[in-house]
Amino acid sequence: MTADLQELDYEQQRLQNIRDNQALLLSLGLSTPTKLIPSKPNTSLRKKANLNARRRTLEPSEEKQNRRRSYVSQNADNDSVSDNGLRRSARNQGRVLNYARENSPPAWKRTYKYESDSDAAGGESDDGMDGRQRNAKRMGVRTQNPKTFGHISGVEVGRWWASRMEASTDAVHAPTVAGISGNATVGAYSVALSGGYPDDVDLGEAFTYTGSGGRDLKGTKQNPKNLRTAPQTSDQTFENSLNAALKRSAETKKPVRVIRGFKLQSPYAPTEGYRYDGLYTVEKAWMGTGLTNGLLVCRYAFKRVRGQDPLPVRDLERERMEMEEE
DNA sequence: AGAAGGCCCTAT
DNA sequence: ATAGGGCCTTCT
């Protein structure tokens, strides 16, 4: 088969999958159109968001931090949705946990630290001039536990990060590569939408999501590799712990934190970096056909929890026009 | 304690 | 484009 025909096949299959996913969302009553809000940012609100964005202690790059935000939170108070069950605040009241238990790795590679850890500061001031001196491996100090359900205290809907690493430091989505965080027993804490599966549908208030697994990340014996992503070569299954986590979430209906990334092809994606879009529930989990050789994938339908700030919507058409003017 | 998976990131 | 690695989490 020619390359052209293959591409055509792929695109046909992609469009068909999108139709299927849209139909699925519709069947769940999740296709209600969301009202558009102007994409032009309100300046007074932007000032407020910049203040909020400033509160992280370690800034790897001032330049990145000052980049234009694609989203401005309209309401920094997060009283609209509770943390749904886990008594995190009660249990941890009055102290900052060191979530690393016994078997702690050495301090230089420890994942969680007290903000007030004296050895964390290491005596040096972190001026960032010589960013590699202390804790070269760490991008920041985590003060919240990512293994909790619901909002992370102090992180408002709309918070923006330049990288997955920063979102991980803020405990909103812990994995730096994986899209799903969680386990089969308690369910998923969070997911990242980064456009890795181009047949997923994003309606903002609802979306479909594809599971993980089914890839050869290590290559073959002859041709060993050390990859983080690769083409799919086998069926995904719900045995995969991350897929099982989301399946579990569909049962428990516990809220899942969602971040959207710049690579996502959607009017709800940020133009750069990653953005916290609040809490969703998993409404359904099922198996479907993916885009690679008819291999199976795990699919999920997400629904946004009510009462949260509306999502920003980009006018992709207008952006395309403006691009052409350059 | 170690291995392995994973919708990153960056240098070449 | 792609090669390779740093990082965090879950599972053995």
Colleague: Decide side-chain hydrogen bond (donor to acceptor under 3.5 Å, both in side chains) for A:T281 and A:E283; before the verdict, give the C-alpha distance in whole Å, the side-chain angles of both, and the deciding distance to 0.1 Å.
Modeller: CA-CA 6 Å; A:T281 50; A:E283 296 297 299; 2.7 Å; yes

Colleague: Which pairs count as salt bridge (Lys or Arg N to Asp or Glu O under 4.0 Å) when at least one residue sits in residues 179-196 of chain A, sequence neighbours excluded?
Modeller: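 Not a single pair qualifies under salt bridge (Lys or Arg N to Asp or Glu O under 4.0 Å).
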
Colleague: Does C:dT2 have OP1 or OP2 sitting under 4.0 Å from an N or O in the side chain of A:K225?
Modeller: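 Answer is no, no contact under 4.0 Å.
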
Colleague: Tabulated below should be each protein N or O lying under 3.5 Å from an N or O of nucleotides 4-6 of chain B; please produce it.
Modeller:
| from | atom 1 | to | atom 2 | distance (Å) |
| --- | --- | --- | --- | --- |
| B:dG6 | OP1 | A:G213 | N | 3.1 |
| B:dG6 | OP1 | A:N240 | ND2 | 2.9 |
| B:dG6 | O6 | A:R228 | NE | 2.7 |

Colleague: For the side chain of A:Y209, starting at C-beta, report the closest nucleotide among C:dA3, C:dT9, B:dC7.
Modeller: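 Output: B:dC7.
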
Colleague: Give the nucleotide from the list C:dT9, C:dT10, B:dC9 with an atom nearest to the side chain of A:F262.
Modeller: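 Selected nucleotide (nearest to the side chain): B:dC9.
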
Colleague: Would you classify A:T210 as touching base, sugar-phosphate or nothing, given that sugar-phosphate means primed atoms plus P, OP1 and OP2, and contacts are heavy atoms under 4.0 Å?
Modeller: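 Here A:T210 touches the bases of the nucleic acid.
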
Colleague: Phosphate oxygens OP1/OP2 of C:dC7: is one of them under 4.0 Å from a side-chain N or O of A:S168?
Modeller: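 No, outside the criterion.
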
Colleague: If you assign each of A:G182 and A:P224 to its closest nucleotide in DNA chain C, which residue comes earlier from the 5' end?
Modeller: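 Nearest nucleotide further toward 5': that of A:P224.
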
Colleague: Just wondering, do A:D202 and A:L264 contact through their side chains at under 4.5 Å, heavy atoms?
Modeller: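 Result yes, sub-4.5 Å side-chain heavy-atom pair found.
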
Colleague: With a 4.0 Å cut-off, would you call A:R318 and A:E322 a salt bridge?
Modeller: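 A:E322 and A:R318: salt-bridged.
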
Colleague: Is A:D277 paired with A:R260 through a side-chain N to carboxylate O contact shorter than 4.0 Å?
Modeller: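 Looking at A:D277 together with A:R260, the answer is yes, because their closest N to O distance falls below 4.0 Å.
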
Colleague: Centroid separation under 6.0 Å, is that true for the rings of A:F207 and A:Y280?
Modeller: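 When the ring centroids of A:Y280 and A:F207 are compared, they turn out to be within the sub-6.0 Å range.
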
Colleague: Figure out the CZ/P separation between A:R142 and C:dC7, and round it to whole Å.
Modeller: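 After rounding, the gap between these two atoms is 13 Å.
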
Colleague: Just by distance, do the side chain of A:R257 and the backbone of A:H173 share a donor-acceptor pair under 3.5 Å?
Modeller: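 Pair absent, no side-chain N/O of A:R257 close to backbone of A:H173.
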
Colleague: Using the ring-ring contact (aromatic ring centres under 6.0 Å, His included) rule, collect all pairs that involve residues 224-262 of chain A, keeping only residues at least two apart or in two chains.
Modeller: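 Residue pairs passing ring-ring contact (aromatic ring centres under 6.0 Å, His included), neighbours aside: A:F262-A:Y274.
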
Colleague: Expressed in angstrom and rounded to an integer, what is the separation of A:R257 atom CZ from B:dC7 atom C1'?
Modeller: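 In whole Å, B:dC7 C1' lies 18 Å from A:R257 CZ.
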
Colleague: Whole angstrom is fine here: how far is it from CH2 in A:W161 over to C1' in B:dC8?
Modeller: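 Whole-Å distance recorded here is 16 Å.
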
Colleague: Considering just the side-chain nitrogens and oxygens of A:Y274, establish if one lies under 4.0 Å of OP1 or OP2 belonging to B:dC8.
Modeller: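 Looking at the OP1 and OP2 atoms of B:dC8, one of them is under 4.0 Å from a side-chain N or O of A:Y274.
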
Colleague: Requiring both pairing distances under 3.5 angstrom, list the stems that contain DNA chain C and are made of three or more consecutive Watson-Crick or G-U pairs.
Modeller: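 In DNA chain C, stems of three or more pairs: B:1-6 with C:7-12, B:8-12 with C:1-5.
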
Colleague: Go through residues 291-301 of chain A and report each residue with a non-hydrogen atom lying under 4.0 Å from DNA chain B, sorted by number.
Modeller: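 Nothing qualifies; none.
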
Colleague: Answer yes when A:D200 and A:R299 have at least one side-chain N-carboxylate O distance shorter than 4.0 Å, and no when they do not.
Modeller: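 Salt bridge between A:D200 and A:R299, a charged N being under 4.0 Å from a carboxylate O: yes.
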
Colleague: For the pair A:E205 and A:K303, find out whether any cationic side-chain nitrogen is under 4.0 Å from an anionic carboxylate oxygen.
Modeller: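 Not counted as a salt bridge, because no side-chain N and carboxylate O are separated by less than 4.0 Å.
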
Colleague: By the 4.0 Å heavy-atom rule, please label A:D200 as base, sugar-phosphate, or nothing.
Modeller: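 It contacts base atoms.
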
Colleague: List, by chain and then residue number, the residues other than A:L227 in its hydrophobic cluster (Ile/Leu/Val/Met/Phe/Trp/Tyr, side-chain heavy atoms under 4.5 Å); write none if there are no others.
Modeller: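 Besides A:L227, the cluster holds A:L217.
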
